[in-house]
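For reference, the structure discussed in these notes is given below.
Computed from a predicted model, the values in this text were never measured in an experiment. One-based numbering along the sequence shown.
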Amino acid sequence: MEQYNLTPEQEEQLVDREFRDLLDGYLRSNHRKKVEIIERAFSFAKEAHKGVRRRSGEPYILHPIAVAKIASREIGLGSTSICAALLHDVVEDTEYTVEDIEQHFGKKIAMIVEGLTKISGGIFGDKASAQAENFRKLLLTMSEDIRVVLIKMADRLHNMRTLGSMAPNKQYKIAGETLYIYAPLAHRLGLFEIKTELEDLSFKYEHPKEYARIEQLIKNTSEDRDALYTEFAAPIHARLNEMGIQYEARNRLKSIYSIWRKMETKHIPFEEVYDLFAMRIIFDCPDLSKEKETCYKIYAAITDLYRPHPERTRDWITNPKANGYQALHVTLMGPDGHWIEVQIRSRRMDEIAEKGFAAHWKYKQGESDEESELSEWLSTIKDILEDPTPSAIDFLDTLKLNLFSSEIAVFTPKGEIITLPANSSVLDVAFSLHSEIGTHCIAAKVNHKLVPLSHRLQSGDQVEILTSQSQTPKPEWENFLSSAKAKTRLRKELRRIQQPLMEKGKQIFDKFLADKNITLNNNVLTKILGTYKVANREELFYKLGSGEISIDDYLNESTSSRARSLISKIFSLGLGGGKKKKEKTEAQPDTKAARPKINTKEKYVLKYNDRERNFVFADCCRPIPGDEVMGFINDNGEVEVHELTCPRAQVLKASYGPRIVATSWDHVAGSFHAVINIEGIDRHGILQELTGLISTQLNINIRSLNIEAHDEVFTCRLGVLVRDTDTVTLLCKNILKIDGVKSAVRAR
């Protein structure tokens, strides 16, 4: 870009121009105008970052200005947040302290800057990766001041917009973390536009070819789509104009990432994604008490024009989502026979939908329902954070229960609404009310009928919890729970009950290690947990303390020689402490140390042939050559290859970023297992045709074949050995030519 080669004078002009643009946008907002403090914050930050440049070569101060601009214009925050955004990297990257910020700008701005600094740095525990611990800190700051999280979201968005200057492995790490954590968090906070952009940018860097292909397909079909929208919208415009409603109508296109997700999950081509766009009607309503009435007037008018889908009307006005979202959605049969969604919302609802929490301030009259919902969610996050011992991955997965969940609304006998994740049980309701109610819950009445703890609830159910003081919580209850709050509260209560036995188990374990002169390290501990089939050391201690398992039993004469050999081998890894590690002999080479160190900053070339194999396939997704993959350096120092879309890979990117490697295929020779799902109309001889095509004409080795027919329709799961993804594409293309076959796609 041109500014990389600018003279100092031109750079100065660029920086001042960007700051003036920030100020102009702020002055056009509804916030009280506090220009003087913003100008002081800019001067302070500019001096602090003087001479520092971003990786792209531009002056560093342009980054805080850009973050402040996003916070102001795209989230709707005011002067306090703009100042904090301008100063957000000062304490971390320069010699200035939080006390300096407080002295110059006051306690509130200093507290927000301190919260943002905490997120960026710190000492991490041995049970959590840096990113998981960072995210933990991010959520802790939520309860102090929500603006910390909103500014962090602006910071992440600008980093994603400028991700092109980063190394490939950093792109994977940051894009993966963004898709796994920040996009769902933006959704939960109601920042719909930011969530959509974060998803699209993450997708662009993880799957550049697919992104470009879908982007081109959207451009190619824009004329047809515009014509369809115009035809569909014309009668609606005419009717709303007759009614005298002041409104704005928009054609809202589905995001590229959403289109791709639908193609992947439904196994359909782009041409079969029929809900590419929706119509959004935004009406002006100065009298907020008439919003709901106006929504239903518009609904009545448009359903007179087009037939509504009986099961796809969503009333988010009467029961808003937990992130404050309100709108009335109805799906109508369009003129070409395709269903088209129409979203009806007021101007206020639209601003809250796009800007989320920050937009509430514009309309604030006391504490609104939306803010109460958000406060409730923040208290759930605090519950999760009180759990002192989650592993990095368990912690993130627990959070995703809340971040990604679709929601249901149930009622107490007094008519109070409780919002829960979909698939929640009676026990989720009990724990959401109070830990004591959860631990003593024995059953419930749902819509006045007696049901067990495991009963799954539907939206609109009325739930009365029944308790007994003799009831105690049980570990298997976790299988009934869907909400993060309930799981955290149950684990906390179980730990309280199990603590004495865990202490006893720990004493047994420590004594055994001391008696056998075993030094415990992560490698030894992992193998011990795997051998005893327990998830963590707390479960190991509990089972030892309760007598459910015994270390000595594994080593006595009654144990099989294979088990004794296995345990002895595990414990021998830690015998004699750290000094033993240095006393290697030729008979016991250190294979891990012998492996060359992998440079994560460079692309790792994958080789797999008779002479050389420099990676291992991940068991969770089993990619094949040609798939979009990434590498993960496992505990043995090997590069483990995962598909980019693999759920496990998403977790690894978000939890163990420094161990992620960007990869490319090269010199890969061999046969790899792939599964093809085939569907079609059953007829005599179709199986013979299918097997003949694969094994005789295409010379592909069939490893498994499972075919079933119901009435006139058959489904087939075909396992084959292939060279790469091109072979799979060719195979599917030829299978589709067989008369009666309707679909042939690779199973993921």
Heavy-atom neighbours of [X] [atom1] exceed 12 at 6.0 Å:
| X | atom1 | result |
| --- | --- | --- |
| Gln216 | CD | yes |
| Lys297 | NZ | no |
| Lys204 | NZ | no |
| Arg54 | CZ | yes |
| Arg723 | CZ | no |

Could you pull out the closest heavy-atom pair between [X] and [Y], with the gap in Å?
| X | Y | value |
| --- | --- | --- |
| Leu332 | Pro308 | CD2-CA, 3.8 Å |
| Ser482 | Asn423 | OG-O, 2.9 Å |
| Ile256 | Glu215 | CD1-CB, 4.0 Å |

Can you tell me if [X] and [Y] form a side-chain donor-acceptor pair at under 3.5 Å?
| X | Y | answer |
| --- | --- | --- |
| His63 | Asp155 | yes |
| Tyr299 | Asp315 | no |
| Tyr247 | Asn241 | yes |
| Thr600 | Arg659 | no |
| Glu311 | His309 | no |

Once rounded to the nearest 0.5 Å, what's the spacing between atom CZ of Arg622 and atom NE2 of His642?
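Taking CZ in Arg622 and NE2 in His642, the distance rounds to 11.5 Å.
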So, taking the atom named SG in Cys295 and the one named CG in Leu328, what distance separates them when rounded to the nearest 0.5 Å?
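One gets 6.0 Å once the value is rounded to the nearest 0.5 Å.
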[X] with [Y]: basic N within carboxylate O range, under 4.0 Å:
| X | Y | result |
| --- | --- | --- |
| Arg161 | Glu74 | yes |
| Glu264 | Arg261 | no |
| Arg348 | Glu291 | yes |
| Glu272 | Lys266 | no |
| Asp200 | Lys195 | no |

Residues Thr727, Asp724; criterion side chain to side chain donor-acceptor pair (under 3.5 Å); working and verdict:
CA-CA 6 Å; Thr727 312; Asp724 51 30; 3.0 Å; yes
What class does the angle between the rings of [X] and [Y] fall in, given that below 30° is parallel, 30 to 60° is tilted and above 60° is perpendicular?
| X | Y | result |
| --- | --- | --- |
| Phe203 | His207 | tilted |
| Tyr306 | Phe232 | parallel |
| Tyr257 | Trp260 | tilted |

Just one of Arg250, Gln343, Glu248 clears the side chain to side chain contact (heavy atoms under 4.5 Å, CB included) bar with Asp350, so which one?
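So the option named by the test is Arg250.
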Strictly distance-based, threshold 3.5 Å: is any side-chain N or O of Asp627 a donor or acceptor partner for the main-chain N or O of Ile624?
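Judged by distance alone, yes, a pair lies under 3.5 Å.
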